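Before any comments, here is the structure.
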Amino acid sequence: MAKLGSRSLRYRAFLLGSAVGAAFAGLAPSVVLAADADTGTLEELVVTARKRSESLQEVPLSVSAYTGEKLAAAGYSDLGNISRVAPGVYFEAPDRSRPLIYVRGIGTRSYDGGSDPSVGVFIDGVYQGRFGGLMVDLADLARVEVLKGPQGTLYGRNTIGGAISIVTREPTNTAQGRAEAGIGASDISGDTLYSLSGSVSGPIVPDKLLGLVSASYNYRDGYQPTRSQAGVNTGVRGGSEDSISLRGKLNWMVSEDLTVKLAADYTHMDGPPLILVSDPLGRNLGPGALSPGFTLPAATNDPYRPYSDTSDIFLKKKMYGASVTADWDLGKVTLTSITAARKLKIDEVNDIDATSLDFYVNPVTDDAEQVSQEFRASYSGEKANWLVGAYYGREVDDRNDSLVFGPAAFLRLISGGPTTWRFHVKAVSKSAALFGQFTWNFTDKLSTTVGARYSEDDKDVLYDSRNSAPVKIGVVPFVRDVSRSWNSFDPSVSVSYKFTPDIMAYATWSSGYKVGAFQFFATSALTADQVASPEDAQSYEVGIKSTLFDRRLRLNAAAFHIDYKDLQLLRLVPAPPPIASLIVIGNAANSKIDGLEVEGQAILSDAVSIDFSYAYLDAHFDKYVFRPGQDFSGNRMPRAPKNTISLAANYDRDIGPGHLTARLSYAWRSKIFFESDNNTIDINSSEGSLGLVDASASYKVDSWTVGVWGRNLTDERYRRQALNSTGNAQRNIWAEPRTYGVRVGYEF
């Protein structure tokens, strides 16, 4: 206890010192923005992080914002690339159905209906409930806003780690359109990329009814051709994609006071499939041993040409949805209603043993749907601003995961015939909440905000686990219905003070919670009965924001401390005989997270600017006993690099008959652990420090634009993820190599 108290005291001193030092130094916060080419100063970026339009520099929260145009120009095609620019954000996706999003060390590795994301993704205010729907195409986006820490007093759905708010483009009152085509390749032979995109926007009834329609198509051969042990290609390539996305918007100005917006989207994606590469260290294939007559083949020495025994590996995903948003302006009070429905369907097959043996494959189907309704009322005045809201959401996730064992599995031999373990989980989740916040401006300089949220969550999970083998080994067939309900009251308080019109300091405290978690692979009714309690986070933050040197420098800084309790992690727990223990998701740990983030932009000349960010993260478990004799207390939390840095140089200037823009960026992070044991059990469950170089350039003449882009230009070969359960078989997912391309666009 003395040690913890000393650490807490040191942190408070550090926090206070950071705030005071920043204030006296005149430092001020900011985000990566664009330079105004006409004035050689920084543009003001308007955000809606607090559900009203305001300058980013006026928001007393840790918010990073990036325009869709800048992200697309840099060659970033999906939301997963946001970690290259946003400090404190880890976003890696083994495939398009299992994204891993962590903000300031808080996230989840689960992806089934029994668990909820720790970081919420919202598109035009609509919460994206299922993990498979979080990989979003960046076409036709206005901006991406990243809010860090618990978000419950402003957003309909509660999130404990943070929120990523995506704002799509609005229809225009004048006819506009664009079309773009691109082609690219990677350093892997046979990997070619093609893309087509376009949009049309304009008035259907001028000043009354405006519409926008956009479409994009992406194709990629893939950078991981799989092969048999004899070197024969299976025809499957990891990283492959064949997808189409459609999006439409109608804005109806019913009257001067009432606007109704209808938005709809549809995406069909074939690939990229999940390609697993077996780890050569201490390998095993999973449940059970090899059948007599089979031997474990040598591991591949080239993870970009992995082994597999099947040509039937795929991932097919379909998602679509619609929303109706109504805004009724009653003067100083605005009423808002958001009604939304979404659907997600996934069908995939994975070679789970990651070898050329017919050991076992993993067919998956996932059928999820959600409906939500949110009401808000907001007031804006000189002295006071307030917002109150109510939210209701219902999600149904019907998922089947199977393990189909082949002739190489000894389990099939001793089970007496064909063996398939099927885990059917149908989760029905309901969430209701009342939330709001009130801001009072004591003076032009001093303001305070208080907020609160009351949440009620219910989750009912129906388990139906089956074993087709004549002799039931490993999985005992059962049907079980498990239900839980939770509620939570989460307040927040913040104070902000403007030293000058361009320098503001703030301090915040916020509370957040995440609903309990159910088991994924329940091998018995005893396992299914294990339900993890909700997580809890208490977040403390001080920060400072400023615009300096005649609007030529922006600099944002924030220091934070998070008390994070009852983490939902894997544990081995004792079980009645004849079972020795169960691998379950349980409340395994408490932790404390300290950190510092700095980001900004500087204008060096009328043509040259730099973007920069730095994040320091001290995220360790205070207490985590995995099982008797295995104590992970004091270990670094997974996917929480101690240091991350990003630096980019931008060039923006008229040259000849056109305009040239260029960007060269470098993103670096220190070592990360994939598992909580920090390599004491799984000795290869970490990835060393990583630096990625990206570049892009475009030249525009009249309505035509020609551009080039490149990602990972130094061709770093690294793992996105290592999949295991601490001590079980380990599989690796490798990231794309050097990839580059050209594009041509036309605007009218």
Side-chain angles (χ1 to χ4, degrees), residues 77-80 93-101 110-113 115-117 121-124 126-141 166 168 193-199 213-222 236-249 262-275 312-324 339-350 361-372 393-402 424-429:
S77 57
D78 61 57
L79 190 59
D95 65 5
R96 295 300 176 90
S97 70
R98 299 174 178 86
L100 296 166
I101 311 176
S110 300
Y111 46 83
D112 60 290
S115 299
D116 282 22
V121 175
F122 299 81
I123 301 179
D124 291 333
V126 177
Y127 175 70
Q128 311 297 298
R130 287 301 91 215
F131 294 83
L134 304 185
M135 291 297 291
V136 180
D137 193 323
L138 293 180
D140 275 304
L141 296 188
I166 298 170
T168 63
L193 299 75
Y194 306 95
S195 65
L196 293 170
S197 65
S199 64
V213 177
S214 66
S216 64
Y217 173 75
N218 292 287
Y219 175 86
R220 184 169 189 170
D221 288 305
V236 176
R237 296 179 68 104
S240 63
E241 182 180 352
D242 190 352
S243 67
I244 185 169
S245 296
L246 305 173
R247 185 181 298 276
K249 262 190 178 183
L262 171 64
D265 64 275
Y266 172 86
T267 297
H268 183 276
M269 178 176 293
D270 187 351
L274 178 66
I275 300 298
D312 190 24
I313 304 174
F314 61 84
L315 167 63
K316 299 181 186 295
K317 184 169 74 171
K318 184 188 297 184
M319 58 183 182
Y320 50 90
S323 65
V324 178
T339 307
R342 298 204 61 78
K343 180 78 170 180
L344 170 68
K345 299 190 72 172
I346 293 174
D347 185 13
E348 63 179 307
V349 173
N350 307 306
V361 295
N362 171 219
V364 179
T365 62
D366 200 348
D367 193 342
E369 59 185 36
Q370 69 177 75
V371 293
S372 62
R394 183 178 187 270
E395 301 174 24
V396 179
D397 185 31
D398 195 339
R399 184 181 177 96
N400 281 283
D401 268 86
S402 298
H424 176 209
V425 180
K426 184 176 183 179
V428 180
S429 306

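Bear in mind the structure is a predicted one, so any value in this text is a computation, not a measurement.
- In this structure, the separation between OG on S199 and CZ on R247 is 11.5 Å, given to the nearest 0.5 Å.
- Judged as a salt bridge (charged side-chain N to carboxylate O under 4.0 Å, His left out), and not counting sequence neighbours, the contacts of K316 are D270.
- Legend: residues meeting salt bridge (charged side-chain N to carboxylate O under 4.0 Å, His left out) with D312, ordered by chain and number and at least two apart, are absent.
- Nearest heavy atoms, G271 versus M269: O-CG, 2.8 Å.
- A distance of 7.5 Å separates OH in Y219 from OG in S240, rounded to the nearest 0.5 Å.
- With sequence neighbours left out, K318 forms a side chain to side chain donor-acceptor pair (under 3.5 Å) with no residue at all.
- Minimum heavy-atom separation, A340 to V126: CB-CG1, 3.6 Å.
- Counting only heavy atoms from C-beta outward, the side chains of L274 and L315 never approach each other to under 4.5 Å.
- Minimum heavy-atom separation, D397 to A368: OD1-CB, 3.5 Å.
- In terms of heavy-atom proximity, Y127 sits nearest to P117 at OH-CD, 3.5 Å.
- Remark: R220 pairs with D191, E736 by the salt bridge (charged side-chain N to carboxylate O under 4.0 Å, His left out) rule, at least two apart or across chains.
- Salt-bridge formation is not detected for the pair K345/D347: no Lys NZ or Arg NE/NH1/NH2 atom is positioned less than 4.0 Å from an Asp or Glu carboxylate oxygen.
- Two residues are said to be in side-chain contact when any heavy atoms from C-beta on lie closer than 4.5 Å; R394 and V428 meet this criterion.
- Within the 4.5 Å cutoff, the side chain of S214 has no heavy atoms near those of the S197 side chain.
- In this structure T339 satisfies the side chain to side chain donor-acceptor pair (under 3.5 Å) test together with Q373, sequence neighbours excluded.
- In this structure, CD1 on I244 lies 8.0 Å from OH on Y266, to the nearest 0.5 angstrom.
- A salt bridge links R342 to D265: one of the charged nitrogens lies within less than 4.0 Å of a carboxylate oxygen.
- The two residues S195 and N218 have their closest heavy-atom pair at CB-OD1, 3.5 Å.
- Side-chain contact of D242 with H268: a donor-acceptor pair under 3.5 Å is absent, judged by distance alone.
- With rounding to the nearest 0.5 Å, the separation of NZ in K426 from CG in D398 is 5.5 Å.
- For the side chain to side chain contact (heavy atoms under 4.5 Å, CB included) criterion with N350, the lone passing option out of I275, V361, N362 is N362.
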(message) Go through it in stages, so that I can follow the logic: the residues are L344 and D366, the test is side-chain contact (heavy atoms from CB on, under 4.5 Å), and I'd like the CA-CA distance, side-chain angles, deciding distance and then a yes or no.
(response) CA-CA 8 Å; L344 170 68; D366 200 348; 5.5 Å; no

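- Here the OG1 atom belonging to T267 is positioned 7.5 Å from the CG atom belonging to L246, to the nearest 0.5 angstrom.
- Distance check: L193 CG to D221 CG gives 8.0 Å after rounding to the nearest 0.5 Å.
- Not counting sequence neighbours, the partners of D124 by the salt bridge (charged side-chain N to carboxylate O under 4.0 Å, His left out) test are K249.
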(request) Give the intermediate values and the outcome of side-chain contact (heavy atoms from CB on, under 4.5 Å) for residues V371 and E369. (result) CA-CA 7 Å; V371 293; E369 59 185 36; over 6 Å; no

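- The heavy-atom pair separating Q370 from E395 by the smallest distance is CB-CG, 3.7 Å.
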